[in-house]
Every structure is written in structure tokens, then in C-alpha cells.
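The structure appears below as C-alpha cells.
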Amino acid sequence: MRRAAPVSIAARSAVLGRHLALLSSIAITLLSSCAIALVATSCGPASTPTVVPTHVLADTPQDATRIAGALDDAAPTGRLPADLRPTHYALSLRIVPEEDRFSGEVDIDVTLASPRHVLWLHAQDMHAQTATITPEGGESIALDVERAGDDGLATLRPASDVPAGRATIHIAYDAPFDRTLKGLYRVDSAGFSYAFTQFEAISARFAFPCFDEPAFKTPFDITLTVKREHAAISNTIAVQETDAGDGMKRIRYATTLALPTYLLAFAVGPLDVVEAPAIAPNGVRTRALPFRGVAAHGRGAELAYALEKTPQLLAELETYFGTEYPYDKLDIIAVPDFASGAMENAGAITFREWLLLLNAQSAPEEQRRAFAGVMAHELAHQWFGNLVTMPWWDDIWLNEAFATWMGNRVVMRTNPEYQVSIAQLGSIEGAMSQDSLVSARRIRQPIASNHDIRNAFDGITYSKGGGVLAMFERFVGPEKFQAGIRAYLAAHRFGNATADDLLAALTTAAGSDVSTPFRTFLEQPGVPLVEASVSCVGNAATLTVKQSRYLPVGSTGDRAQRWQIPLCVRFGSGGAAREQCTLVTEPEQQIALEGSACPTWLMPNADAAGYYRFALAPADLEKLRRAGMTQLLPREKLALADSLVAAFASNTLPASDVLAALAPLANDPARSVATTPMALVNFTYDQVADAALRPRVEGYARRLYAAQYRRLGWGPRASVSEDGETKLLRESVIIFLATTGRDRAVRAEATRRALAYLGANDDAPLNDAAVSSELVDVVLSIAMEDGDAALFDRLERRLRGSTDAMIRGRMLGALGGARNPELGDRALRLALDPALRVNEVLSTVGGQMSIPERRDAVWTWIQAHYEPLSARIATTRAADLPWYMSRFCDATHAASLEAYFTPRIAALPGGPRNLAGALEAIRLCGARLDAQGPNLRTFFAAQRP
Ligand SMILES: [Zn+2]
């Protein structure tokens with residue numbers, strides 16, 4: 001699954017997010033939580049918030065408790081018992097999206113290791129019409145089906161004991177289409193109804209009775225009965241279509257390879273299905289691969305860009321793995337309303353529309369990059385996760401960390417101009433911020449409940465996991481690492497494998513122990529802090545390193561933690577740069593530096609490849625700043641900036657020193673480096689400065705980027721084509737000058753362009769020529785920030801009149817930024833407006849929370865509308881609400897959130913850990929404010945307005 005960026009927040013946070021990472025709790029949100037949807041995952045489990053029909057197949061929970069009283073009948077609380085295994089499913093569904101319910105029949109072949117008088121499987125909110133089990137060669141035995149608890153477990157009680165051996169469970173049932181983007185759900189868009197699926201992590205149980213755990217991989221035979229005029233997509237190619245009477249047709253699909261339930265997929269409705277040329281054979285794959293794009297009615301033409309670019313990404317993966325794409329066809333499907341960014345269903349990958357429907361001429365740079373990154377990620381899953389699957393959710397990192405790492409690796413090759421290695425570092429640094437919390441998960445976190453399944457789709461799993469893999473790839477060497485990966489895939493193809501299997505394969509390929517050091521990152525939380533100092537006696541140089549857990553000021557965590565860190569340093573010696581690597585295993589360790597002279601400078605994290613922060617002795621830091629900056633790679637400059645800001649956050653370096661060190665970077669030619677000073681200034685403006693101080697912060701901000709703005713302006717001179725990095729730097733600089741700098745000229749120009757973009761006539765097409773596509777949402781937001789009701793009306797009308805996810809996102813982003821209290825309240829009310837797609841519901845809430853003066857009003861509104869809001873967004877997203885509120889920065893608000901959410905969130909999947917994390921982030925922000933606020937005030941009081 002891919003955490004992704006809906007347009008509204010993505011465009012701004014993609015620019016600002018990484019720079020805020022250390023400083024603002026909301027950035028932790030952006031990088032960690034489904035909530036703010038930059039990284040929205042559909043995030044698995046959710047009990048339905050909709051009304052359960054009274055005829056649902058269920059006893060009361062009290063009955064379930066009573067039944068569970070008998071010891072050997074006790075319903076399993078964790079995984080299903082392993083002595084009953086499915087071996088094959090025949091699943092037939094009748095799907096008419098215009099209706100409220102669907103119906104199905106499933107025959108599950110199972111093997112029983114011993115006789116049973118009670119069975120369990122997963123079936124949630126279904127009405128069972130008939131249920132039987134037929135032992136091989138025996139008579140059918142009727143089954144009583146009862147609900148067991150709230151997580152979708154069902155108890156099957158046969159009328160007589162079922163003997164050991166093979167048997168077939170048959171259940172005919174009907175169930176409601178979900179309306180909150182999980183299970184088999186209905187979407188209404190532009191006057192048409194569709195049905196789509198999202199089963200990961202544990203929502204297949206809403207669509208059909210099943211053994212809904214990833215260890216149970218079986219072949220599936222799928223049959224869909226749909227309206228004759230509808231298209232129907234599943235995981236494999238259709239092999240037979242017959243008339244089913246009554247305006248319906250029946251489509252039978254080829255038997256799947258062994259799959260877990262969470263990777264099945266269906267899409268039904270008046271879809272545009274675009275046949276692309278089959279993907280040609282290559283050195284790895286000898287067959288041509290059927291390839292199609294699927295989109296909502298009328299949108300098929302917009303798939304052209306994705307269809308053109310996908311084959312190259314697939315070929316890169318096949319080359320790396322040395323094995324062909326495993327499935328019989330590839331469909332890429334743009335879904336009009338989708339909870340996460342994308343989902344890697346075997347052979348039928350689903351995406352948010354924004355990621356797949358691109359205009360080749362006018363797509364903003366962020367959208368092109370997001371397409372490539374997410375497509376590569378989902379395609380990588382066809383091997384990591386689909387071909388080889390984790391047996392249980394504690395190893396979901398084997399899917400997500402790998403797809404993150406591999407997806408980046410692929411795009412680095414296909415699109416070097418995207419500078420993915422820089423973006424990757426940004427997300428790793430974001431994960432480090434999250435990992436600094438005491439409440440942080442481990443990459444491989446034990447699963448104690450369904451809460452942990454939901455929480456597992458976070459920045460730790462994706463970005464820390466991907467970063468740790470990249471670190472060990474560099475440590476082992478890319479060729480050996482690749483050999484280990486290939487061996488692992490070959491050994492477990494079509495089956496399941498664990499972390500142990502992977503680490504064993506890497507150790508074998510490396511010829512040395514990878515497993516032990518790797519586990520120190522995998523199985524404990526936290527970011528290592530490496531404190532480094534250099535001493536020289538004559539020409540003999542010694543590097544002393546100490547390791548501990550990095551903790552921000554105010555943290556209650558324990559620093560005494562130890563890792564085995566692949567530490568690589570670069571340093572200047574004898575006029576050249578040298579690199580030296582050591583596995584640091586001790587709390588304190590001395591390393592003799594090679595070379596013939598005392599280093600003129602030393603970078604403690606060569607190429608920023610290590611998952612650790614560092615602190616240098618003052619003299620060494622000064623050497624690095626003076627002699628080393630010209631020697632550092634862009635990634636190393638970023639790591640240095642991150643470590644400086646981390647020192648600010650841990651109160652080991654005064655803010656004024658950090659600002660002084662970062663300021664010169666504002667004019668660095670590399671975008672990623674040039675934007676590093678913004679975060680601390682934004683933090684000051686947002687959390688520290690009062691009305692008297694703000695003009696001085698604004699003045700400082702304007703002067704900091706005046707030169708960049710003069711150079712970049714609002715666009716290239718005519719006929720000059722620009723690279724994407726320049727476009728994105730311009731976007732960052734304009735946002736910074738307009739918001740933190742309050743630059744009047746920039747704001748006026750933004751408003752002028754926004755009005756030109758909207759045009760004089762609200763029924764005419766938007767004027768794309770008025771402003772470059774990267775800046776559309778920026779200028780709209782700036783215009784609306786100070787705009788009046790008339791502008792609000794115009795933006796809202798455009799929102800309601802469009803089914804284009806990009807335009808809707810732009811309008812919602814701007815509406816959410818309204819500063820006027822009455823208009824801000826209107827923006828909040830949009831969250832409950834049925835015109836919003838489910839995945840848009842929290843857009844304006846996030847926007848309003850970004851405005852300091854509006855935060856209390858948002859919090860009051862959330863408390864007043866919690867019930868209808870949480871019903872609309874499903875329990876999974878409701879569980880993320882604390883993260884939305886984590887822009888607060890004081891103990892009083894933390895206490896208020898805690899009192900309100902604690903009783904409400906305990907039952908929501910993943911809720912308790914989200915609340916703990918948000919509260920911790922808010923309290924740490926307050927501690928940072930107490931510790932560094934005076935220094936920041938003094939620094940900015942000395943600046944000119
Ligand atoms: Zn994924």
C-alpha cells in the first residue's frame with residue numbers, strides 16, 4: 001500500500017513538510033499518519049461505522065462471550081488456529097453498484113489437522129443465507145454462523161463433528177456495500193455508481209467469508225455477475241463471459257496464483273477500460289504482458305501518460321530481481337474515491353485519481369514525481385508482498401520498507417532528474433522525528449491487537465524501514481545485497497517468509513553477519529545519536545564516537561540504548577577526501593583514521609547513508625563549516641542541517657547558533673539545501689513570536705530569500721525551459737515569502753494571478769495560462785487567506801462543479817486557508833458536506849489548523865461535531881484526529897485533547913497509539929518552546945522589521 005498525497009495538502013506540504021519535520025508536531029503527522037493523508041494509508045482494519053442490519057449474521061456480543069466460556073470453544077483472540085487451513089476458494093459475487101447490497105457464494109476448500117466441533121473464520125457484517133461444511137466423500141453438515149466479537153471473527157458451529165482431513169465450507173450470503181472506502185465499497189461520482197475494493201489490511205472479511213490472514217495463501221477462482229453494460233476487473237484475465245439473463249452477464253476469471261485475501265481486488269461499473277500495447281518481452285520475461293488502464297466513465301483518455309511511463313518502471317524491476325513480473329496481466333486503476341494513495345492488488349493495482357490521471361503537458365512537477373514514485377512502489381510490491389508474503393502483520397515492513405526502498409531505487413534510474421535520493425532522505429529525516437518520540441513503534445513491532453495492525457502502516461515502517469535497508473545495502477555492497485534479495489525471492493516465491501528468512505539470505509550473500517546489526521535497528525525504536533570528536537597526535541588521527549538514543553528536550557525516554565551502527569565517515573586528509581567505515585558496536589569506541597595527516601574536516605555520516613544523527617565537538621563543527629561545506633555532497637549538507645536542528649530540538653545548541661549556521665544555505669544552488677533554513681523561522685513565526693515580534697521575523701524571512709526570489713521570479717523568461725528542481729524551489733520560496741515573510745508584493749502578485757486563473761466567468765474553463773501549474777494551489781491559498789465571502793463562494797462553486805481530483809484539491813486547499821473566522825467556520829462545515837468525497841473530508845480541518853489564530857476554533861468545532869464527522873470518515877480515519885490537532889504546542893491543550901479523546905479513541909483501530917504520539921509531540925513542542933523560546937526571541941528582536 002502506498003501512503004500518498006492528495007493534492008490539497010500535498011502541494012504545500014511536499015514543499016514545507018520536510019523542513020518542518022523536526023520542529024512541528026504536524027510534520028510528524030504529515031510523515032507518519034494516515035490522518036493528514038500526505039501519507040494516507042487505507043490502513044486496514046475498521047469495524048463498520050454504518051448501521052448494522054438487524055438480520056446480520058450475528059448473535060449479540062453477550063452470546064459470543066457466553067459461548068467463549070467453554071475453554072476449547074474460546075474464540076481465538078489473535079491469529080486463527082493453524083490446524084485448519086484453506087487451500088482454495090471459489091468465489092462468486094453479484095455486484096450491482098447502484099444497489100445498497102451485494103451477494104455472493106463462496107466454497108472454501110480446507111484441511112483439518114484434527115476433528116473439530118467448532119471452526120472460526122472471518123466474516124463481518126454479512127447475512128448468511130446458507131452455510132454448510134462437506135467433508136471429502138461425506139455428507140454436508142449444516143453450520144450455525146455466529147459473530148464472535150467486534151473484529152469480524154465468526155464462529156461456525158457444525159451440527160455434528162467434522163472429521164480431520166479435507167472438507168469444503170459453503171456459504172451463501174449478502175452484505176452491504178461499504179461507504180467509507182474499505183472492503184467492497186460503493187462510490188458515486190458524476191452521476192454514476194461504481195464498486196471498488198480495498199482489503200488491506202483486514203477488510204476482505206467485509207466482502208466474503210475468508211481466512212483473512214496473510215499466511216493463508218491460496219489460489220482463487222473468481223466469478224463476477226454484473227450488469228451487461230458494466231466493465232468488471234479482477235486480479236486475472238477473464239476467460240469466459242456468459243449471459244446471465246435479466247440484463248446481467250457472468251464473467252469467469254483465470255485461476256489466480258496463490259494469494260492472501262488482502263491482495264484480491266474487484267472493480268465494477270461503467271468504467272473506461274483502455275487497452276494499451278502489451279508490455280514487450282525483455283531479457284527476463286519471454287511473454288508479452290497484457291496491460292490496461294481503467295478509470296471512471298469518460299476519464300480514460302487521461303490515462304495516456306501513466307500507460308506510457310509504466311512499462312519502463314516494470315522493466316527496471318524485472319532487471320533488478322532477475323525474475324519476471326509474476327502475474328498474467330497488469331491493470332492500473334484510477335479510483336474516484338480511495339482511502340490510501342494506492343494499493344498493490346496482484347495484477348490490478350488501484351490508485352487515487354490524482355496519481356494516475358495526468359495531463360502530459362500541464363502536470364505539476366509534484367504530480368509527475370508522485371506518479372513515478374508510487375507506481376514504482378506498487379510494482380515493487382508485486383514481488384515484495386505479493387510473490388513473497390509476510391505470514392503476519394509484524395513483518396509488514398518486509399512489504400512496505402522494501403517497496404519504499406526499491407521504488408526509490410527504480411526512479412533514481414528511470415528519472416535521475418527527480419533527485420529521489422534527496423526526497424528519500426527528507427522522508428527518512430521525517431521518520432527520525434517520529435522515532436524520537438517515546439511512543440514510537442519499532443520497524444518490526446509485535447502485534448498484540450488489531451490496533452497494532454493499523455499502526456503498522458506508519459513512517460517508521462515505510463521511511464525508517466527503507467532508510468535502514470539503504471544503509472545496509474551500502475554497508476554490504478549493492479551486488480551482494482542484490483544477490484541476497486534474489487536468493488530470498490527464489491526460495492520463497494508464491495509462499496510466505498519472515499524477517500529471519502530475509503536476514504539469513506543477506507548474511508549468506510554478504511559472507512558476514514548482517515542479521516545482528518540489522519536487528520538492532522529492526523527490533524528497537526529510536527534514532528541513534530553519534531557524538532564524534534577528532535583528536536590528533538602528530539599525524540595520527542583518532543575518531544572517538546559515543547552512541548546513545550537521540551531525545552528532544554522534555555522527553556522522558558532513556559538515552560542508554562545501543563545499536564550496531566554501520567558508521568561511515570568522510571574527511572579531508574592530504575588535500576583529498578577519504579571515506580572510512582566501521583561497525584560501531586560499543587557505547588564508546590575509538591577509530592584510528594587512515595591517512596597521513598590530521599583531518600582538515602570530518603563528516604560523521606558519509607553520503608548521509610546512515611540512519612543516525614550526529615553531534616560534533618565544537619572545534620570539529622567549526623572545521624566542517626569552514627573547510628568542509630564546499631566538500632560536502634547535497635545529501636551531506638542536508639544531514640548536517642538535520643543534525644543542527646536536532647541539536648536545537650534537544651536544547652544542546654542555542655537556536656541563534658543554528659540559525660547562523662543555516663542562513664548561508666538559503667542561497668545554495670541545490671533546492672533541498674536552500675530550503676533548510678525555513679523550518680526554524682517558520683517555527684518561530686508559528687509558535688514563538690507575538691504581535692510585536694512578528695514584523696521582525698517577517699523582515700528576516702524576506703531578506704533571507706530576497707536573492708533567490710530575484711533570480712527565480714514567477715516563471716522562466718520566455719522560451720527558457722526549466723528543470724523540475726527550479727520549479728519546486730520557486731514554489732518553496734514564494735510560499736515562504738508570502739506566508740512567513742508576509743511580503744506584500746509577493747502576496748499581491750499571487751492574488752492577481754489567482755483571480756486571473758479563476759477568470760471572469762465561473763462557468764468558463766479555468767485559465768491555466770495565468771500561473772504555472774506548480775503554483776496554482778499556492779496563489780489560490782494566498783488569495784483566499786485574506787479573501788472575502790465572494791471569493792469563497794467562487795472557489796466553492798468551482799469545487800462543487802468539478803469531478804477532477806486536482807481541481808477539487810486546489811479549491812479545498814484554498815478554502816481551508818481562509819483566515820476570516822466566519823469563512824473559516826464555513827470551511828470547517830464543508831467537512832460534513834455530502835458533496836465532498838470521503839477522502840476529502842478532513843482537508844479543510846487540516847488547513848484551518850495550520851492557521852495559529854484558528855486552532856482553538858477548530859478544536860471546539862471538532863468536539864461539537866465529533867459524532868457525525870467520525871461516522872463519515874470511518875473509524876480508521878477518526879483514529880487519526882489527534883494528529884490533526886497536534887499543531888498545538890502547550891500542556892494545557894495536550895490535557896484538553898487527552899481528556900476528550902481518551903474515552904472515545906480506545907475502540908478505534910490504532911487510536912491509542914495515535915493519541916499517545918500526538919500528546920507527546922504537543923508536550924515536547926511546549927518543552928522546546930520553554931527551552932529555546934527566550935533565545936529565539938532575543939535573536940529576532942535584534943532583526944530589522
Ligand atoms: Zn506499499
Side-chain angles (χ1 to χ4, degrees), residues 1-6 31-34 37-45 181-182 197-203 214 259-260 262-265 310 313-314 317 321 325-327 330 332-333 335 338-352 355-356 369-390 392-411 420 423-424 427-428 430-431 441 443-445 453-470 485 489 497 502 876:
M1 197 153 41
R2 176 58 185 230
R3 318 174 316 146
L31 288 155
S32 71
S33 155
C34 310
L38 174 60
V39 282
T41 77
S42 80
C43 299
L181 316 184
K182 70 174 189 303
T197 53
Q198 171 58 42
F199 291 162
E200 193 179 26
I202 54 173
S203 293
L259 293 178
Y262 82 88
L263 287 174
L264 284 225
T310 298
L313 296 165
L314 187 74
L317 286 159
F321 292 129
Y325 168 83
Y327 304 106
L330 174 61
I332 54 175
I333 305 167
V335 182
F338 195 70
S340 66
M343 176 64 209
E344 68 268 21
N345 314 301
I349 307 174
T350 40
F351 297 81
R352 276 192 184 204
L355 289 165
L356 219 50
R369 294 185 182 198
F371 159 77
V374 175
M375 180 61 77
H377 176 109
E378 300 309 325
L379 291 173
H381 272 311
Q382 306 300 313
W383 287 263
F384 274 107
N386 299 11
L387 181 65
V388 179
T389 309
M390 72 285 160
W392 188 233
W393 299 105
D394 56 352
D395 269 328
I396 186 62
W397 75 279
L398 287 170
N399 285 12
E400 299 303 351
F402 264 87
T404 301
W405 164 76
M406 193 71 220
N408 286 333
R409 208 177 190 293
V410 164
V411 181
V420 170
Q424 177 187 29
S427 69
I428 291 168
R441 292 174 55 259
I443 298 174
R444 188 172 198 263
Q445 179 80 25
I453 298 176
R454 167 66 168 74
N455 289 133
F457 293 85
D458 74 349
I460 297 295
T461 299
Y462 284 71
S463 297
K464 179 182 180 180
V468 168
L469 285 170
I485 299 288
L489 289 174
L502 177 81
T876 45

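Note: hydrogens, waters and symmetry copies are ignored here, and every other heavy atom, side chains too, is used. Whatever order the structure lists ligands and atoms in, that order sets their numbers, starting from 1. In what follows, residues are counted from 1 in the order of the sequence shown.
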Practice task
Would you please test L387 and Q382 for side chain to side chain contact (heavy atoms under 4.5 Å, CB included) and show each step?
Solution key: CA-CA 6 Å; L387 181 65; Q382 306 300 313; over 6 Å; no

Handout entry: Atom of E400 nearest the Zn ion (ligand 1) (restricted to N/O/S, atom name only)
Key = OE1

Handout entry: Point-to-point distance, once rounded to the nearest 0.5 Å, from CG of N399 to CZ of F457
Key = 7.5 Å

Exercise for the section: Could you please compute the angle at the Zn ion (ligand 1) from NE2 of H377 to NE2 of H381, rounded to 10°? Expected result: 100°

Handout entry: Point-to-point distance, once rounded to the nearest 0.5 Å, from CG of L259 to CZ of F199
Key = 12.0 Å

Exercise for the section: Report yes if the distance between the aromatic ring centroids of W405 and F384 is under 6.0 Å, otherwise no. Expected result: no

Exercise for the section: Please determine if the Zn ion (ligand 1) has an N/O/S atom from E344 lying under 2.8 Å away. Expected result: no

